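Since the structure comes first, as structure tokens, the remarks are kept for the end.
These figures come from a predicted structure and were not determined experimentally. Numbering of residues begins at 1 and proceeds along the displayed sequence. No hydrogens, no waters, no symmetry mates; every other heavy atom, side chains included, goes into these values.
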Amino acid sequence: ATHDHLFKLLIIGDSGVGKSSILLRFCDDEFNEKQASTIGVDFKTKFMQVRGKKLKLALWDTAGQERFRTLTSSYYRGAQGIILCYDCTQRSTFDHVKFWQDEVRRYSTNQDAILMLVSNKVDLPDQQVSRTEGEEFAFAQSMMFIETSAKTRQGIKQAFEEVVFKILDT
Ligand code: GDP
Ligand code: MG
């Protein structure tokens, strides 16, 4: 076999928060400042070596459907890990995290799915959501939390590693 484990991971959150950029950084170590709102990538695979095991990650992005809030059950089905992103420079994207949690509750078939709340774009000044606020919200909602920048690489690899460790331990 090419791998010991196959995990399905989703990335969700409002349009423009940096979901596709996070996947592009994680998978290809690239970043586009003028990233088109849709880069046409809606599925990527990534191999990872963790604790002596070879993991194959199936990473599901959206091709812009999140704009119309039309992600449905087939997108969520069977996901072991869900990365829920907001943009710390856009308060509204943090306020909408509750909406995305409702979607997960409605559509996710896996009650044990691991949720990681991601505060992206921490490289930018003029942040509208503090680290503490994000962290406290995540804690209250039993989600993991990390600050990331797809631009500088901060937290990107760690975000996926922590989700994968938690899945392996669950
Ligand atoms: P998506 O709609 O959630 O997939 O968001 P995109 O990945 O398309 O990113 C939207 C815009 O934000 C693009 O112009 C990206 O270059 C930019 N962007 C994404 N992540 C970051 C980041 O961490 N820092 C900065 N400064 N810009 C980012
Ligand atoms: Mg996108």
Side-chain angles (χ1 to χ4, degrees), residues 1-87 93 97 100-101 103-123 143-170:
T2 60
H3 54 272
D4 301 302
H5 298 283
L6 169 64
F7 293 141
K8 174 178 176 178
L9 306 185
L10 312 181
I11 189 154
I12 60 174
D14 282 5
S15 184
V17 299
K19 301 180 298 296
S20 301
S21 298
I22 288 169
L23 288 186
L24 191 66
R25 176 60 87 191
F26 179 58
C27 295
D28 304 331
D29 199 21
E30 287 173 16
F31 178 77
N32 299 327
E33 194 76 56
K34 292 275 174 271
Q35 181 73 59
S37 61
T38 298
I39 56 171
V41 175
D42 45 34
F43 184 84
K44 278 184 166 287
T45 50
K46 169 92 173 166
F47 286 93
M48 232 177 148
Q49 191 83 23
V50 166
R51 297 179 184 154
K53 300 275 183 211
K54 196 166 186 197
L55 310 185
K56 182 178 182 177
L57 305 182
L59 303 163
W60 292 50
D61 192 8
T62 70
Q65 309 98 308
E66 79 277 26
R67 208 180 299 265
F68 313 104
R69 300 190 164 167
T70 54
L71 302 183
T72 50
S73 45
S74 62
Y75 185 78
Y76 288 96
R77 188 172 301 127
Q80 286 104 331
I82 300 172
I83 295 182
L84 203 177
C85 309
Y86 65 90
D87 171 352
T93 68
V97 166
W100 291 107
Q101 287 179 287
E103 291 285 284
V104 170
R105 283 188 205 102
R106 184 170 305 139
Y107 292 121
S108 176
T109 52
N110 178 8
Q111 297 310 308
D112 299 324
I114 302 304
L115 263 116
M116 167 73 91
L117 185 65
V118 167
S119 172
N120 191 41
K121 306 198 189 182
V122 292
D123 59 283
M143 291 188 274
M144 292 189 288
F145 176 80
I146 194 166
E147 289 186 308
T148 63
S149 166
K151 185 171 181 176
T152 67
R153 299 185 179 80
Q154 180 185 335
I156 299 293
K157 189 161 176 249
Q158 198 187 339
F160 290 91
E161 279 173 351
E162 287 188 11
V163 169
V164 159
F165 286 145
K166 194 82 180 280
I167 295 170
L168 286 168
D169 291 339
T170 302

* To do: Check whether any side-chain heavy atom of Phe31 lies under 4.5 Å from a side-chain heavy atom of Thr152, and answer yes or no.
  => no
* Heavy-atom distance under 4.5 Å between the side chains of Asp29 and Arg153, does that happen here? -> yes
* Residue list, side-chain contact (heavy atoms from CB on, under 4.5 Å) with Arg105, at least two apart or on another chain -> Gln101, Asp102, Gln141
* Asked: Do the side chains of Tyr76 and Arg106 get nearer than 4.5 Å, heavy atoms only?
  -> no
* Asked: Can you tell if the side chain of Leu9 reaches within under 4.5 Å of the side chain of Leu57, non-hydrogen atoms only?
  -> yes
* Asked: Quick one: do the Thr93 and Asp87 side chains pair a donor with an acceptor below 3.5 Å?
  -> no
* Is there side-chain contact between Val164 and His5, with at least one heavy-atom pair below 4.5 Å? -> no
* Asked: With side chains defined as the heavy atoms from C-beta onward, is the minimum distance between Val163 and Phe7 less than 4.5 Å?
  -> no
* Decide yes or no for Asp123 and Gln154: does some side-chain heavy atom of the first lie under 4.5 Å from some side-chain heavy atom of the second? => no
* For Glu161, salt bridge (charged side-chain N to carboxylate O under 4.0 Å, His left out) partners two or more places apart -> Lys157
* Main-chain N/O of Cys27 paired to Lys44 side chain as donor or acceptor, under 3.5 Å -> no
* Structure fact -> Taken in chain and number order and not counting sequence neighbours, the residues that satisfy side-chain contact (heavy atoms from CB on, under 4.5 Å) with His3 are Leu6, Phe47, Lys56
* Test item: Tyr107 and Tyr75 side chains (from C-beta on) under 4.5 Å apart, heavy atoms -> no
* To do: Check whether NZ of the Lys or CZ of the Arg Lys46 lies under 6.0 Å from the centre of the six-membered ring of Phe26 and within 45 degrees of that ring's axis.
  => yes
